[in-house]
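Inspection log for the structure reproduced underneath, given as structure tokens.
It should be emphasised that the depicted structure is a prediction, and the values quoted were computed from it without experimental measurement.
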Amino acid sequence: MTRLAPRIAFLLLPAALAACTPFESLWRKVPRPADKDKPAAEVPAEPVLPLAQATHRFLVSPDQDVVGQLQVTKAYHKDTFADIARRFNVGYAELVRANPGVDPWLPGEGTPIVLPTEFVLPDAPREGLVLNLAAMRLYYYPKRPKDAPKDAPAEVYTHPIGIGKVGWATPEGTTKVVSHVKDPVWTPPLSVRKDHEKDGDILPDKVPPGPENPLGRHMMRLGWPSYLIHGTNKPPAVGMRASAGCIRLYPEDIARIYDLVPDGTKDTVVNQPYLLGWHGDRLLLQAYEPLVDDQRDWSDVPKSLRQNAKKPVVPRWKKVAEHAAAIDWEQIRAAAAEPRGIAIPVGPGAMPDLAATIAQAPRVRNAIPEGANWNGVEDQYAGDPQFAKPAEGEDARASASP
């Protein structure tokens with residue numbers, strides 16, 4: 001019998017190794033006397049980050065071309081870029097551009113997300129609505145009081161927009177807002193109906209107000225026939241080229257713009273992928289990739305930008321001309337080659353590079369900013385009895401009625 005004992009132990013060894021609990025942990029289940037009263041190591045709690053400030057309304061002085069500030073937050077485990085974009089009032093493409101290499105559908109718990117919430121204002125008159133197609137962003141400059149001093153700061157509102165897809169480009173130029181419509185009926189143009197029909201999507205002649213209406217709850221007609229500024233029933237599409245030429249805003253943004261902008265307001269649409277602007281004594285560049293249907297030659301961006309400084313009528317270009325020798329044109333070339341949509345300093349003098357600019361940006365909590373337009377409610381029809389959903393079982397009773 002004693003000769004069998006080693007053999008039995010040898011046969012039992014593989015079974016023990018295959019078990020869920022390793023040998024080493026078996027004796028650790030019983031604390032040793034020296035460890036019984038030893039306190040567990042405390043993991044220091046992460047500091048609570050501050051809330052971001054609202055990123056849609058600013059005061060800008062006449063000699064200032066930049067508003068807002070770059071920020072960084074951290075993704076939650078269920079976040080998508082569409083979630084974060086709406087939370088911080090930026091567009092989907094803005095986040096994708098600013099965060100290369102990050103999965104937009106599942107960034108992952110704790111992943112740092114750069115928020116491109118510093119904006120170089122378009123090179124256009126600060127009057128009424130100004131839309132930059134390349135940036136997919138709207139700016140609104142309300143009328144200043146007649147008695148306001150010339151050097152007094154002015155209000156500017158800015159929001160991300162969706163624009164016309166390739167083949168259905170939003171036009172450039174100047175027009176005006178001609179009318180406002182609340183809860184509009186959508187009448188799909190024949191061209192749109194034919195385009196959808198190719199994919200087997202048969203559109204109705206009219207779509208009444210409600211959750212299925214792609215115009216959302218607010219619409220402003222422009223002097224250009226068939227082109228509108230409106231809301232949407234698909235907020236994740238804001239910040240994309242997804243419309244038939246109209247301009248889309250988040251439901252909460254169009255609601256504010258709808259109330260602020262009177263009929264007759266001038267609407268200027270530009271297409272400026274490379275923006276230079278002054279913030280004090282610093283010149284900043286904000287670079288976007290040109291739209292695929294932009295026919296201009298952007299092979300030498302510094303050369304193209306310098307053309308604007310040759311006849312400096314606008315103050316920003318006059319200042320560029322004065323400091324041309326101290327501007328880092330090679331940094332501008334490099335940033336234009338890999339556009340991130342992040343405003344970076346390019347002179348005069350030595351300035352932090354992109355990595356340092358991001359490192360210096362404040363870290364903020366991943367939550368709706370203070371004073372934001374959006375209250376976090378997804379359903380823009382919530383609380384309106386006109387669009388109240390029937391109670392459970394009500395549909396079935398209605399369909400059974402004669």
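Every residue two or more places apart in sequence or in another chain that forms a ring-ring contact (aromatic ring centres under 6.0 Å, His included) with Trp298 is listed here: Tyr274. Contacts of Arg340 classified as salt bridge (charged side-chain N to carboxylate O under 4.0 Å, His left out), with partners at least two apart in sequence or in another chain: none. Residues that satisfy the salt bridge (charged side-chain N to carboxylate O under 4.0 Å, His left out) test with Arg193, not counting sequence neighbours, are Asp205. Among residues two or more places apart in sequence or in another chain, the side chain to side chain contact (heavy atoms under 4.5 Å, CB included) test is passed with Pro62 by none. Applying the salt bridge (charged side-chain N to carboxylate O under 4.0 Å, His left out) rule to Asp294 yields the partners Arg296; only residues at least two apart in sequence or on another chain are considered. Applying the side chain to side chain contact (heavy atoms under 4.5 Å, CB included) test to His180 and every residue at least two apart in sequence or in another chain returns Val177, Met220, Tyr258, Asp263. The salt bridge (charged side-chain N to carboxylate O under 4.0 Å, His left out) test applied to Lys266 returns Glu127, not counting sequence neighbours.
Applying the salt bridge (charged side-chain N to carboxylate O under 4.0 Å, His left out) rule to pairs touching residues 142-158 yields Arg57-Glu155, sequence neighbours excluded. Every pair passing salt bridge (charged side-chain N to carboxylate O under 4.0 Å, His left out) that includes a residue from residues 91-109 is listed here, sequence neighbours excluded: Glu94-Arg137, Arg97-Glu289. Within the structure, every pair that satisfies the salt bridge (charged side-chain N to carboxylate O under 4.0 Å, His left out) test and touches residues 213-222, not counting sequence neighbours, is listed here: Asp183-Arg217, Arg217-Asp384. Pairs engaging residues 299-309 under the salt bridge (charged side-chain N to carboxylate O under 4.0 Å, His left out) rule: Asp300-Arg333 [sequence neighbours left out].
Side chain to side chain, Asn366 and Asp79 meet the donor-acceptor criterion of an N or O pair below 3.5 Å.
Close placement of the His323 and Trp278 rings is indicated, their centers lying within 6.0 Å of each other.
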Sequence neighbours left out, cut at 3.5 Å: what donor-acceptor pairs do the side chains of residues 344-361 make with other protein atoms?
| unit_1 | atom_1 | unit_2 | atom_2 | d |
| --- | --- | --- | --- | --- |
| Asp353 | OD1 | Ala355 | N | 3.4 |
| Asp353 | OD1 | Ala356 | N | 2.9 |
| Thr357 | OG1 | Asp353 | O | 2.8 |

Yes or no on side chain to side chain contact (heavy atoms under 4.5 Å, CB included) for Val72 and Leu115, after CA distance, side-chain angles and deciding distance? CA-CA 6 Å; Val72 179; Leu115 303 171; over 6 Å; no
